[in-house]
Amino acid sequence: PEGKRQLTVCAMQLTSEQILGHLRANTATTASGVLQHFISLFHHVVIASGGTAGCAVAGVTIDVADDDDLLAVARAAFDSWVTLLDSQLESVGVARGKAQGIALISVASVEGALILCRAEGSDKPLTIVEEQLLALVKT
């Protein structure tokens with residue numbers, strides 16, 4: 001009813017809820033497992049799309065110049081992913097401050113990798129990001 005803007009908000013919220021749902025389904029017992037589970041959703045999307053799919057939340061965030069309401073939706077989405085990932089990393093033994101940093105780096109790195117995957121038309125950038133993120137939690 002509210003046109004393109006409402007569709008944009010709905011797409012962002014739906015994407016966020018799908019990612020949160022995927023994260024909530026995590027049963028990993030190690031930090032590596034938590035990160036692999038998080039990244040697996042994005043690998044699936046990139047592979048299924050032949051490298052052309054990205055993230056609706058990131059896409060809107062990049063394209064929005066000065067729409068505070070849309071940026072608030074994006075901020076809430078990203079914050080919720082980082083918060084949940086942080087909590088999951090802590091639950092498998094990653095120290096509190098370190099878990100938050102790894103969660104933020106993970107979300108930022110995956111979003112950046114999706115842009116590179118789209119440019120390259122392959123999942124190679126996401127695979128490299130995954131390898132490097134897993135190296136952060138290897139002990």
Side-chain angles (χ1 to χ4, degrees):
E2 296 174 30
K4 184 177 178 180
R5 191 167 192 293
Q6 183 182 11
L7 287 173
T8 301
V9 169
C10 288
M12 292 170 68
Q13 290 172 334
L14 177 62
T15 298
S16 185
E17 285 303 316
Q18 289 173 331
I19 291 168
L20 288 169
H22 178 78
L23 280 169
R24 289 181 188 118
N26 176 34
T27 60
T29 58
T30 65
S32 293
V34 169
L35 293 179
Q36 286 173 320
H37 180 79
F38 171 62
I39 297 166
S40 70
L41 173 65
F42 299 97
H43 262 293
H44 174 73
V45 169
V46 170
I47 290 169
S49 70
T52 62
C55 173
V57 177
V60 171
T61 304
I62 291 167
D63 287 341
V64 171
D66 59 356
D67 187 322
D68 291 338
D69 293 336
L70 288 178
L71 289 174
V73 173
R75 188 177 317 109
F78 291 132
D79 286 347
S80 67
W81 307 346
V82 170
T83 299
L84 184 51
L85 197 53
D86 172 23
S87 173
Q88 291 177 339
L89 288 165
E90 284 183 31
S91 76
V92 296
V94 178
R96 187 176 207 162
K98 185 175 181 180
Q100 184 178 24
I102 292 170
L104 180 63
I105 289 168
S106 297
V107 171
S109 297
V110 166
E111 289 295 348
L114 291 175
I115 293 168
L116 296 175
C117 288
R118 190 165 190 176
E120 287 189 20
S122 80
D123 70 332
K124 184 178 178 182
L126 187 57
T127 299
I128 292 169
V129 163
E130 180 176 21
E131 291 168 359
Q132 296 304 309
L133 289 173
L134 292 177
L136 287 175
V137 297
K138 295 278 187 210
T139 55

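Note that the structure is predicted; figures quoted are calculated from it, not measured. Along the sequence shown, residues carry numbers from 1.
For Ser80 (side chain) and Ala77 (main-chain N/O), a donor-acceptor pair under 3.5 Å exists by modelled atom type. With Ser91 contributing its side chain and Gln88 its backbone, the two residues share a donor-acceptor pair below 3.5 Å. Using modelled atom types, one side-chain atom of His22 and one backbone atom of His37 make a donor-acceptor pair closer than 3.5 Å. For the pair Ser49 (side chain) and Val45 (backbone), a donor-acceptor distance under 3.5 Å is present.
The OG1 atom of Thr127 sits 9.5 Å away from the CD1 atom of Ile39 when rounded to the nearest 0.5 Å. Asp68 CG to Asp66 CG: the interatomic distance, rounded to the nearest 0.5 Å, is 7.5 Å. Rounded to the nearest 0.5 angstrom, Ser40 OG and Glu130 CD are separated by 8.0 Å. To the nearest 0.5 Å, atom CG of residue Leu20 and atom CD of residue Gln13 are 11.5 Å apart. Once rounded to the nearest 0.5 Å, the distance linking CG of Leu126 with CD of Glu120 reads 11.0 Å.
Nearest heavy atoms, Ser32 versus Val137: OG-CG2, 3.6 Å. Residues Trp81 and Ser16 share a closest heavy-atom pair of NE1-OG, 3.0 Å. The nearest pair of heavy atoms linking Val82 to Gln100 is CG1-O, 4.5 Å. When every heavy atom of Leu89 is checked against every heavy atom of Ala103, the shortest pair comes out as CD1-N, 4.0 Å. Nearest heavy-atom pair across Phe42 and Leu114 is CD2-CD1, 3.6 Å. Minimum interatomic distance between Arg96 and Asp86 (heavy atoms only, all atoms of both residues): O-OD1, 4.0 Å.
Clustering ILVMFWY residues whenever any of their side-chain heavy atoms sit less than 4.5 angstrom apart, transitively, puts Val34 in the very cluster that holds Leu134. Follow the hydrophobic side-chain contacts under 4.5 Å out from Leu71 and you reach Met12 in the same cluster. There is no path of hydrophobic side-chain contacts, each under 4.5 Å, that joins Leu116 to Val129.
Within the 4.5 Å cutoff, the side chain of Cys10 has no heavy atoms near those of the Leu14 side chain. Contact check for Leu35 versus Ile102: side-chain heavy atoms found under the 4.5 Å cut-off. The shortest distance between side-chain heavy atoms of Asp123 and His43 falls below 4.5 Å. Counting heavy atoms from C-beta outward, Val92 and Thr30 have side chains that stay 4.5 Å or more apart. Within the 4.5 Å cutoff, the side chain of Leu104 has no heavy atoms near those of the Phe78 side chain. At least one side-chain heavy atom of Cys55 sits under 4.5 Å from a side-chain heavy atom of Glu111.
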Q) What do the steps show when you test Asn26 against Phe38 for side-chain contact (heavy atoms from CB on, under 4.5 Å), and what is the final call? A) CA-CA 8 Å; Asn26 176 34; Phe38 171 62; over 6 Å; no

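The number of heavy-atom neighbours closer than 6.0 Å to CD of Glu90, taken from other residues, nucleotides and ligands shown, is above 12.
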